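Scroll down for the structure; my scribbles are underneath it.
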Amino acid sequence: MSLPDYTMPQMPVKQGPRRSPASTGGVARHGPEDVARAAQLACVLEASAEKPGNVTPSHDFDDTSYEDMLCSAITLGRELGRAGERGVGETVLTAVRASRGAAGANTNLGIALLLAPLARAAVGTGGGPLRGRLGNVLRALTVEDARDAYAAIRVAGPGGLDEPVEHDVREEPRVTLREAMAAAAQRDTIASEYVTDHAVTFELGLPALADSLGDGLRPRDAIVELALCLLAAVPDTLIARKRGAEAAGRVSAGARRVLAAGGVRNAGGRTALAEFDASLRRDGNALNPGTTADLVTSVLFVALLEGVL
């Protein structure tokens with residue numbers, strides 16, 4: 001199997017004031033409780049927005065319900081709050097084990113992989129912006145991190161474990177987790193985030209969310225627009241793995257058409273969004289953009305830590 005490639009109550013949220021920068025380095029400091037709460041809220045907000053093709057309050061999957069997503073959010077947040085006490089790989093493994101125990105399904109392997117290094121960077125003692133600290137965390141990943149991440153993937157049990165790849169998660173790792181991700185980066189967006197210091201999260205997703213909120217969209221609508229923007233720009237690698245690159249490309253083109261029609265911003269766009277959503281849910285949710293949902297959660301986590309949301 002390649003690394004990674006998975007899947008993974010509507011509520012009002014008010015945009016609060018930005019955090020005051022820390023006295024050292026001009027950067028807000030975050031304690032373990034801040035990180036745990038941000039992770040839980042990011043997961044709840046992602047699941048609660050009516051994003052096309054994903055589990056939402058009005059759409060369960062056969063093996064995963066909206067309630068499963070909420071239970072997973074609570075357990076994952078607790079584990080991410082401890083990210084400063086252990087390695088990134090161990091945080092991913094404990095988060096996946098806890099979530100699997102709470103929901104009985106693979107609900108957040110991709111989320112755990114994306115958020116674990118961010119959480120460690122957020123609670124770290126170094127100075128500078130969050131993304132710079134993230135880069136330091138990613139460059140310091142070890143073979144032990146890879147060993148724990150491989151174990152997490154086996155616990156989650158996503159499809160594709162039989163695919164021939166350079167670094168098989170069923171074998172003892174020979175490289176660091178970042179090196180393993182680099183080998184998969186061309187075929188998996190989550191892996192690519194590990195070698196670009198979360199470029200999609202920081203350079204595409206965060207500005208898109210800030211623009212939507214700045215235009216006055218409600219947070220839930222802004223999250224749907226964020227999902228559409230990410231999907232339009234970055235073909236979903238879960239869809240590509242399950243249905244092929246051509247299918248993933250068609251879904252991205254569909255997201256661009258919805259945005260061009262207005263998306264969440266007008267009646268015509270919402271009609272196009274509903275039709276797009278229905279098309280993704282045919283054949284047992286075969287076109288579920290699960291990697292996009294994981295990236296949405298990553299953006300929300302950063303937005304909450306940095307006071308954008």
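Treat the numbers as computed from the prediction; the structure is a model and nothing was measured.
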Membership question, hydrophobic clusters at under 4.5 Å side-chain separation (ILVMFWY): are Leu238 and Leu228 in the same one? no
Atom CZ of Arg97: over 12 foreign heavy atoms under 6.0 Å: no
Does Val251 belong to the same Ile/Leu/Val/Met/Phe/Trp/Tyr cluster as Val234, with side-chain heavy atoms less than 4.5 Å apart forming each link? no
Report the C-alpha separation of Leu206 and Thr201 in whole Å, then their side-chain angles, then the decisive distance to 0.1 Å, and conclude whether the side chain to side chain contact (heavy atoms under 4.5 Å, CB included) test is met. CA-CA 6 Å; Leu206 197 61; Thr201 297; 5.8 Å; no
For Thr297 and Asp294, test the side chains for any donor-to-acceptor distance below 3.5 angstrom and give the result as yes or no. no
Does one hydrophobic cluster hold both Tyr194 and Leu93, with members joined at side-chain heavy-atom distances below 4.5 Å? yes
Between atom CG of Leu118 and atom CZ of Phe202, what is the distance when rounded to the nearest 0.5 Å? 5.5 Å
Is it the case that the side chain of Asn108 and the backbone of Ile111 share a donor-acceptor pair, with hydrogens and angles ignored and the cut-off at 3.5 Å? no
Do Val258 and Leu209 share a hydrophobic cluster (ILVMFWY, side-chain heavy atoms under 4.5 Å, transitive)? no
Distance-only donor-acceptor check, side chains Ser212 and Asp215, under 3.5 Å: no
Test side chain to side chain contact (heavy atoms under 4.5 Å, CB included) on Val143 and Val175 and set out the steps. CA-CA 5 Å; Val143 174; Val175 298; 5.8 Å; no
Between Thr91 (side chain) and Gly87 (backbone), is there a donor-acceptor pair under 3.5 Å? yes
Distance alone, cut at 3.5 Å: any donor-acceptor contact between the side chains of Asn136 and Arg139? yes
Decide yes or no for Leu113 and Glu193: does some side-chain heavy atom of the first lie under 4.5 Å from some side-chain heavy atom of the second? no
Checking Thr142 against Asp145 for the side-chain hydrogen bond (donor to acceptor under 3.5 Å, both in side chains) test, could you report, in this order, the C-alpha distance in whole Å, the side-chain angles of both residues, the deciding distance, and whether it holds? CA-CA 5 Å; Thr142 65; Asp145 288 314; 3.1 Å; yes
So, the side chain of Arg265 versus the backbone of Ala261: is there a donor-acceptor pair under 3.5 Å, distance only? no
Within the distance-only criterion (no hydrogens, no angle test), does the side chain of Arg37 pair as donor or acceptor with the backbone N or O of Gly77 below 3.5 angstrom? no
If hydrophobic clusters are built by linking Ile, Leu, Val, Met, Phe, Trp and Tyr wherever their side-chain heavy atoms come under 4.5 Å apart, do Leu114 and Ile74 end up in the same one? no
Check the pair Thr292 / Lys51 against side chain to side chain contact (heavy atoms under 4.5 Å, CB included), numbers first and verdict last. CA-CA 10 Å; Thr292 302; Lys51 305 181 314 305; over 6 Å; no
Going from CG on Asp211 to CG on Leu226, what distance comes out if it is rounded to the nearest 0.5 angstrom? 11.0 Å
